[in-house]
Amino acid sequence: MSTSSRSVQQGHFVLVRLPNGDVKQIKIDANITAAIPKFGSFYCNDLIGQPYGLTYEIVGKNLKLLPPKALQEVEDTDATNELINDCQIVQPLTVDEIRALKQSGAHSSDIIQKQIDSHANFSLKTEYSKEKYKKRKEAKYSKIFTTIEPTLFNVCEYWFSKDQTRIRDIRSDTLSQMLNLANIHPGGNYLLVDDASGLVAAGILERLGGEGRLLAICDTESPPAFPVLQQMNFEPQITKALTSLNWATAQESHNPLVPPSELAEGEVRSERQKSRLKKRKAINDILENTRQELFAGEFDG
């Protein structure tokens, strides 16, 4: 059973790779505009229902699907870079002229071509250097991005590149070794302390596939805020295996302070109050059952 849809759905968090190699995160919701800082914005509806891994160009605020790039052979020539003088002005196109072209709505390929045409030494470059020059300009001016499926590997790589301290410097290979050594498998019962933004919890839940139990001990009264779990776009049947306790309630000698859930029959004054008491009792029962589950032990890891 798949842990997440293979296509972009409403409410999904999506990773996108920009031309310069940076990876950004955006949330997709219907009938709104998504913005990639310092890059551009587009209508989310153009992405909903589309498979991951496709490449798009932002045209206005619409998305244009681009075909995959074919591999091109670089021709061998006698050109070298030895006659190129880096000290002289080889690019007469000024910043103001480039800005005017962008404001006039010129396509990025037209801007790059104008730079190539006005480049004094472009013809002296090797074919490899020419391609490298074009790639550098495309990364600077093009409005192209590729969607990346938020798999555990991709999300781990994203955080390790963005802020590795948030995931406690856990690399993807380290995470896979942790999950293998712990023998995480469907139907297992596991105890977890995760201070890595939910990265380890996400790995365990993915392997459980909705079959088993994961009890997380955390610092908060409410369920822990694991940002990685949100990025994984797990379906409810996957996350239902996760439950949590804070450190205080994990102590067998501790008596949790819970709101009263039962009153004398004459003290219940309305159906609304009766419904509220039922909800309290359900919450208190879940807390007590989770504590008893912890104290009983019998965890697989």
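Sequential numbering from 1 along the given sequence is applied to the chain's residues. Scope of the values below: all heavy atoms of this structure, side chains included, with no hydrogens, waters or symmetry mates.
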Exercise for the section: Please report the C-alpha distance between I28 and C44 in whole Å, then the side-chain angles of each, then the deciding distance to 0.1 Å, and finally whether the side-chain contact (heavy atoms from CB on, under 4.5 Å) criterion is met. Expected result: CA-CA 6 Å; I28 302 299; C44 289; 3.9 Å; yes

Practice task
Might you confirm whether atom CZ of R17 has over 12 heavy atoms from other residues, nucleotides or ligands at distances under 6.0 Å?
Solution key: no

Exercise for the section: Starting from the C-alpha separation in whole Å, work towards a yes-or-no answer on ring pair (Phe, Tyr, Trp, His ring centres under 6.0 Å) for F226 and F234. Expected result: CA-CA 12 Å; F226 287 151; F234 282 141; over 10 Å; no

Problem - Spacing of F145 atom CZ and F39 atom CZ [to the nearest 0.5 Å] - result: 7.5 Å

Handout entry: Straight-line distance of Q9 CD to E235 CD, nearest 0.5 Å
Key = 9.5 Å

Practice task
Answer yes if V193 and F299 sit in the same cluster of Ile, Leu, Val, Met, Phe, Trp and Tyr residues linked by side chain heavy atoms under 4.5 Å apart, and no otherwise.
Solution key: yes

Handout entry: Whether over 12 other heavy atoms sit under 6.0 Å from Q164 CD
Key = yes

Handout entry: Co-membership, hydrophobic cluster, residues I48 and F13, 4.5 Å side-chain
Key = no

Exercise for the section: Check D169, I167, D173 against R171 for a side chain to side chain contact (heavy atoms under 4.5 Å, CB included) and give me the one that passes. Expected result: D173

Problem - Side-chain donor/acceptor of S244 to backbone N/O of I217, under 3.5 Å - result: no

Completion exercise
Here the gap from E57 atom CD to L65 atom CG, rounded to the nearest 0.5 Å, amounts to 11.0 Å

Fill in the blank from the handout: Smallest heavy-atom separation, L229 atom then G198 atom, equals CD2-O, 4.2 Å

Handout entry: L179 reachable from W159 in the ILVMFWY side-chain graph, under 4.5 Å edges
Key = yes

Fill in the blank from the handout: Here the pair of heavy atoms bringing P37 nearest to A35 is CD-O, 3.7 Å

Practice task
Decide yes or no for Y56 and V16: does some side-chain heavy atom of the first lie under 4.5 Å from some side-chain heavy atom of the second?
Solution key: no

Practice task
Is it possible for you to say whether M178 and I184 belong to one hydrophobic cluster, with membership spreading through side-chain heavy-atom contacts below 4.5 Å?
Solution key: yes

Practice task
Look up atom CD in Q237 and atom CG in L208, then write down how far apart they are to the nearest 0.5 Å.
Solution key: 13.0 Å

Exercise for the section: May I ask you to test the F42-I26 pair for a side-chain heavy-atom distance under 4.5 Å? Expected result: yes

Problem - Pairwise side-chain contact, V23 with S161, heavy-atom cut-off 4.5 Å (strictly under) - result: no

Problem - Backbone N/O of P236 and side chain of T239: donor-acceptor pair under 3.5 Å - result: yes

Handout entry: Cluster check I144, Y43: I/L/V/M/F/W/Y, side chain < 4.5 angstrom
Key = no

Exercise for the section: List in chain and number order the residues that pass side chain to side chain contact (heavy atoms under 4.5 Å, CB included) with T220, two or more places apart in sequence or in another chain; answer none if no residue qualifies. Expected result: C218, S222

Fill in the blank from the handout: When rounded to the nearest 0.5 Å, the distance separating CD of Q251 from CG of L245 is 11.0 Å

Handout entry: Side-chain H-bond candidate by donor/acceptor type, T249 with N246, under 3.5 Å
Key = yes

Problem - Criterion side-chain contact (heavy atoms from CB on, under 4.5 Å) on D194 and I204, from CA distance to verdict - result: CA-CA 11 Å; D194 187 334; I204 296 175; over 6 Å; no

Practice task
Return yes when atom CG of N255 has more than 12 non-hydrogen atoms of other residues, nucleotides or ligands closer than 6.0 Å, and no otherwise.
Solution key: no

Exercise for the section: Using side chain to side chain contact (heavy atoms under 4.5 Å, CB included) as the criterion, point out the one residue from V8, I148, N233 that pairs with V14. Expected result: V8

Practice task
Heavy atoms only: give me the nearest Y190-D300 pair and the separation to one decimal.
Solution key: CE2-CB, 3.8 Å

Practice task
Indicate whether the side chain of N180 and that of R207 have a donor and an acceptor atom separated by less than 3.5 Å.
Solution key: yes

Exercise for the section: Spell out, as yes or no, whether a donor-acceptor pair under 3.5 Å connects the side chain of S41 to the backbone of T33. Expected result: no

Completion exercise
Here the gap from L175 atom CG to L199 atom CG, rounded to the nearest 0.5 Å, amounts to 5.0 Å

Practice task
Output yes when a side-chain donor or acceptor of N45 lies under 3.5 Å from a complementary backbone atom of N31, and no otherwise.
Solution key: yes

Exercise for the section: Heavy atoms only: give me the nearest V155-V228 pair and the separation to one decimal. Expected result: CG1-CG1, 3.8 Å

Practice task
Using a 4.5 Å cut-off on heavy atoms from C-beta on, say whether the side chain of L15 contacts that of T147.
Solution key: no

Problem - Smallest separation among heavy atoms of E206 and M232, with atom names - result: OE2-CE, 3.8 Å

Practice task
Please report the C-alpha distance between I58 and L63 in whole Å, then the side-chain angles of each, then the deciding distance to 0.1 Å, and finally whether the side-chain contact (heavy atoms from CB on, under 4.5 Å) criterion is met.
Solution key: CA-CA 5 Å; I58 300 177; L63 293 182; 3.8 Å; yes

Handout entry: Contact summary for E293 and N189, nearest pair of heavy atoms
Key = OE2-OD1, 3.7 Å

Problem - Main-chain N/O of D195 paired with R168 side-chain donor or acceptor, under 3.5 Å - result: yes

